[in-house]
Amino acid sequence: MPIRHPLLADLPAVFAVEQAVFGSHVYPDFFFRQAFDLWRGLFLVADGGDGELDGYIVGATSEEAGVLWIVSLAVRERCRGQGVGRALSAALIAAMRARGATAVQLTVDPGNAGAVALYKTLGFEAVGEEADYFGEGEPRLVMRLALGG
Ligand SMILES: CC(C)(COP(=O)(O)OP(=O)(O)OC[C@H]1O[C@@H](n2cnc3c(N)ncnc32)[C@H](O)[C@@H]1OP(=O)(O)O)[C@@H](O)C(=O)NCCC(=O)NCCS
């Protein structure tokens, strides 16, 4: 499960992961092209070694100085529970630290116990919750990781 930055040619495989994981509630394919152009250094994939990707993570810059965001993380169901999500997250956080970030922020469905547990073990703390963040009945927990020193 090598973690690496995607090539332009990987973007269809990233979108295939997105569709396999999130079904119809997905980012459009062109979002990944924009993410590739805007935040390539914060975009990582886990290479399955079989022509497919096991997962991906996208980070982004923000309006708040020093604060970078994790925008999306997905691991194929068949690849879960093997450390792929943790490896992608840890690699992205390391890249963010290397570029001088002071904190990492994200939002997650508070009912998504697996993802919330992952983020907590990485040191994220809940700093807020919004009931209709993505629309009615779409609550999100806002979590933040302070990167000391
Ligand atoms: C959340 C997700 C990325 C985790 O990926 P993964 O590769 O299975 O995670 P890992 O194997 O690296 O597990 C890391 C930690 O996450 C937590 N975790 C993961 N799945 C869990 C589950 N089903 N229940 C409880 N904790 C879980 C554990 O703390 C685990 O640590 P451990 O292995 O020491 O127990 C994956 O389940 C996924 O893609 N889910 C659907 C999309 C999603 O929820 N994305 C994130 C929110 S936007």
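In each ligand, atom 1 is the first atom listed, and ligand 1 is the first ligand listed.
- Ligand 1 has a nitrogen or oxygen under 3.5 angstrom from a nitrogen or oxygen of V75.
- Less than 4.0 angstrom separates atom 22 (C) of ligand 1 from at least one non-hydrogen atom of the protein.
- To the nearest 0.5 Å, atom CD1 of residue I57 and atom CG of residue L73 are 4.5 Å apart.
- The pair E64-R144 counts as a salt bridge, with a side-chain nitrogen and a carboxylate oxygen less than 4.0 angstrom apart.
- Considering backbone and side-chain N/O of A87, none are found under 3.5 Å from N/O of ligand 1.
- Contact annotation for V21 and ligand 1: only side-chain heavy atoms (C-beta onward) come within less than 4.0 Å of the ligand.
- For K120, no heavy-atom contact with ligand 1 is shorter than 4.0 Å.
- Using a 4.0 Å cutoff on heavy atoms, A74 counts as a contact of ligand 1.
- Separating the CG atom in L145 from the CD atom in Q105 is a distance of 10.5 Å, to the nearest 0.5 Å.
- Classified by interplanar angle (parallel below 30°, tilted 30° to 60°, perpendicular above 60°), the ring pair F32/Y27 is perpendicular.
- Y119 and E125 form no side-chain donor-acceptor contact under 3.5 Å, judged by distance and modelled atom types alone.
- Between R33 and D29 no salt bridge is recorded (no basic side-chain N to carboxylate O distance below 4.0 Å).
- For atom 35 (O) of ligand 1, no protein non-hydrogen atom is found at a distance below 4.0 Å.
- Residue contacts with ligand 1, taken as heavy atom pairs separated by less than 4.0 Å, do not involve Y56 at all.
- Ring pair Y56/F43 is perpendicular by interplanar angle, where above 60° counts as perpendicular and below 30° as parallel.
- The proximity of V84 to ligand 1, defined as any non-hydrogen pair under 4.0 Å, involves the side chain as well as the backbone.
- Under 4.0 angstrom from ligand 1, the non-hydrogen atoms of N112 all belong to its side chain.
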